[in-house]
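By convention in this document, chain letters (A, B, ...) are assigned in the order of the sequence lines, proteins followed by strands, and residues within each chain are numbered from 1.
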There are 2 protein chains.
Amino acid sequence: MVRAGLSPERLTLAGAELADEAGFDQVTLSALARRFDVKVASLYSHLKNSQELKTRIALLALEELADQVAHAVAGRAGKDALMAFANAYRDYARAHPGRYEAARFRLDPRTAAASAGVRHAQMTRAILRGYNLTEPDQTHAVRMLGSVFHGYANLEAAGGFSHTDVASQESWVWTLDSLDAALRNRATP
Amino acid sequence: MVRAGLSPERLTLAGAELADEAGFDQVTLSALARRFDVKVASLYSHLKNSQELKTRIALLALEELADQVAHAVAGRAGKDALMAFANAYRDYARAHPGRYEAARFRLDPRTAAASAGVRHAQMTRAILRGYNLTEPDQTHAVRMLGSVFHGYANLEAAGGFSHTDVASQESWVWTLDSLDAALRNRATP
DNA sequence: GCGTCTACCTAAATCCTGTAGGCAAATCGA
DNA sequence: TCGATTTGCCTACAGGATTTAGGTAGACGC
């Protein structure tokens with residue numbers, strides 16, 4: 001009986017790949033067991049339950065996304081930083097739809113507070129420094145940007161933008177231009 | 001043996017209520033059968049499978065949402081119409097979280113084309129008439145507005161805006177003000 | 001080499017989906 | 001009103017996912 005060499009990390013990674021290939025809701029312990037050619041019960045030595053698997057995939061996705069955004073934004077400011085941030089976000093959602101979906105998985109508050117989600121909020125605020133907003137406007141802006149990025153990625157993933165011949169890329173740039181203008185408008189002199 | 005008086009319509013409505021109470025992913029034929037005190041297999045006389053149930057709930061939600069938006073927007077124009085539209089959208093998402101989630105359920109293209117989703121798109125374009133946008137700007141704007149509304153409702157439902165003491169309502173108004181300004185900025189003279 | 005730990009196993013309970021076939025209530029035609 | 005047909009709900013069953021309990025054999029420390 002050769003051992004498969006499972007671990008929470010390998011299972012999480014395989015789960016993330018499975019999510020990208022088949023959708024986050026197709027990520028089951030059974031599917032994962034098949035992928036490793038192992039019996040389902042064996043996975044319970046490494047993961048408490050399927051909830052933990054999903055949580056781990058979500059945390060992985062948040063981490064990866066935060067890394068990519070951080071890398072994209074580094075050394076940029078103002079509109080340049082805004083565009084880099086938004087593009088990193090959208091690119092990740094397009095390249096890793098399952099992981100992106102996982103990143104939206106509802107975490108319990110304690111887990112969320114310890115996740116890379118915190119870095120996302122910090123980076124968003126960092127972007128906004130270039131726009132000279134005072135509180136509470138900065139908080140409002142964080143929420144607005146989060147909504148647009150998330151909403152756009154979501155609708156695009158759902159195929160909502162594929163029924164006209166206007167390219168999604170153009171709408172995206174147009175949207176970011178509009179947001180930039182709106183934020184500059186809000187700047188305190 | 002008293003008959004329960006099931007029908008696709010009653011099942012759909014009960015499913016929608018169940019979604020609001022417990023979440024769309026908790027909507028199962030089993031749960032529905034329990035609610036009607038009926039055996040699961042009996043439901044298959046009225047619904048092809050659980051996919052059809054979910055699709056019907058999604059269509060119901062789209063219909064209801066379109067009705068509410070249409071009612072809210074009637075007789076308004078410009079920013080007034082934009083606010084009414086956006087508020088109707090958000091209010092529905094808050095009052096009926098499960099149905100709202102259902103409205104985002106991925107429909108196959110044929111079903112989607114015959115759904116109230118079409119009315120949503122039309123109404124969004126109607127709102128934008130007040131901003132005097134030419135194509136393709138109008139399409140871009142439709143996408144931007146859809147993203148913001150959807151993204152905001154989604155993040156709010158996920159509890160993403162409950163960690164600071166800045167009221168979500170204020171951010172919402174601020175966001176709508178910003179969008180209005182951005183759209184006015186885009187108007188062709 | 002021996003004992004312990006642990007990775008993976010079998011077995012089984014529970015729950016959800018879906019199919020096949022049966023009985024009785026509702027309905028309709030004469 | 002009575003008989004035939006339709007149909008609403010049933011039992012039975014099969015398949016797949018989750019999860020727990022308990023067993024066996026490989027890996028590893030001494």
Side-chain angles (χ1 to χ4, degrees), chain A residues 1-60 98-99 101-102 104-108 111, chain B residues 1-60 98-99 101-102 104-108 111:
Chain A
M1 189 191 301
V2 184
R3 299 205 176 185
L6 305 179
S7 71
E9 289 71 27
R10 282 194 67 194
L11 289 170
T12 303
L13 197 58
E17 286 161 11
L18 182 56
D20 284 338
E21 291 162 20
F24 188 55
D25 55 334
Q26 295 301 306
V27 175
T28 67
L29 291 180
S30 296
L32 216 50
R34 276 192 293 276
R35 184 167 278 227
F36 282 99
D37 202 24
V38 140
K39 298 297 170 186
V40 192
S42 307
L43 304 185
Y44 285 84
S45 312
H46 305 280
L47 301 165
K48 205 160 92 343
N49 50 33
S50 78
Q51 170 83 11
E52 183 181 344
L53 173 64
K54 287 175 186 159
T55 299
R56 278 175 177 274
I57 297 174
L59 293 174
L60 172 70
R99 284 162 150 99
E101 216 182 321
R104 306 263 62 102
F105 183 65
R106 187 154 194 169
L107 303 172
D108 71 283
T111 312
Chain B
M1 191 191 300
V2 185
R3 299 203 174 184
L6 306 178
S7 71
E9 289 71 25
R10 282 193 68 195
L11 289 170
T12 303
L13 197 57
E17 285 161 11
L18 181 57
D20 285 338
E21 290 162 22
F24 189 55
D25 54 335
Q26 294 302 307
V27 175
T28 67
L29 291 181
S30 296
L32 215 50
R34 275 193 294 277
R35 184 167 279 229
F36 281 99
D37 202 25
V38 141
K39 299 296 168 188
V40 190
S42 307
L43 304 186
Y44 285 86
S45 311
H46 305 279
L47 301 166
K48 205 159 96 337
N49 50 31
S50 76
Q51 170 84 12
E52 182 181 344
L53 173 64
K54 287 175 186 158
T55 300
R56 278 176 178 271
I57 297 174
L59 293 175
L60 171 70
R99 283 161 152 99
E101 217 183 318
R104 308 261 63 103
F105 184 66
R106 186 150 195 172
L107 302 171
D108 71 283
T111 311

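Taking A/R56 as the reference, A/E52 meet the salt bridge (charged side-chain N to carboxylate O under 4.0 Å, His left out) condition, with sequence neighbours excluded. Not counting sequence neighbours, A/Y44 has no partner by the ring pair (Phe, Tyr, Trp, His ring centres under 6.0 Å) test. Not counting sequence neighbours, B/S45 has no partner by the side chain to side chain contact (heavy atoms under 4.5 Å, CB included) test.
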Before you tell me yes or no, could you show the steps for B/F24 and B/I57 under side-chain contact (heavy atoms from CB on, under 4.5 Å), namely the whole-Å CA-CA distance, both residues' side-chain angles and the distance that decides it to 0.1 Å? CA-CA 9 Å; B/F24 189 55; B/I57 297 174; 4.1 Å; yes
Verify side-chain contact (heavy atoms from CB on, under 4.5 Å) between A/L53 and A/L43, making sure each step is shown before the conclusion. CA-CA 10 Å; A/L53 173 64; A/L43 304 185; over 6 Å; no
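To the nearest angstrom, P of D/dG26 lies 17 Å from CG of A/L6. Here C/dT14 presents its P atom at 15 Å from CZ of B/R34, a figure rounded to the nearest Å. A straight line from CZ of A/R10 to P of C/dA7 spans 13 Å, rounded to a whole angstrom.
Within 6.0 Å of atom CG in B/D108, more than 12 heavy atoms from other residues, nucleotides or ligands are found, so the atom counts as buried in its surroundings.
Considering OG of A/S42 and CG of A/L32, their distance stands at 11.5 Å, rounded to 0.5 Å.
A heavy-atom distance below 4.0 Å to DNA chain C is reached by none of the residues of residues 11-31 of chain A. Contact check of residues 37-56 of chain A against DNA chain C (heavy atom, cut-off under 4.0 Å) returns A/V38, A/K39, A/A41, A/S42, A/S45, A/H46.
Identified under the side chain to side chain donor-acceptor pair (under 3.5 Å) test for residues 4-25 of chain A, with sequence neighbours left out: A/D20-A/H96, A/D20-A/R99, A/E21-A/R35.
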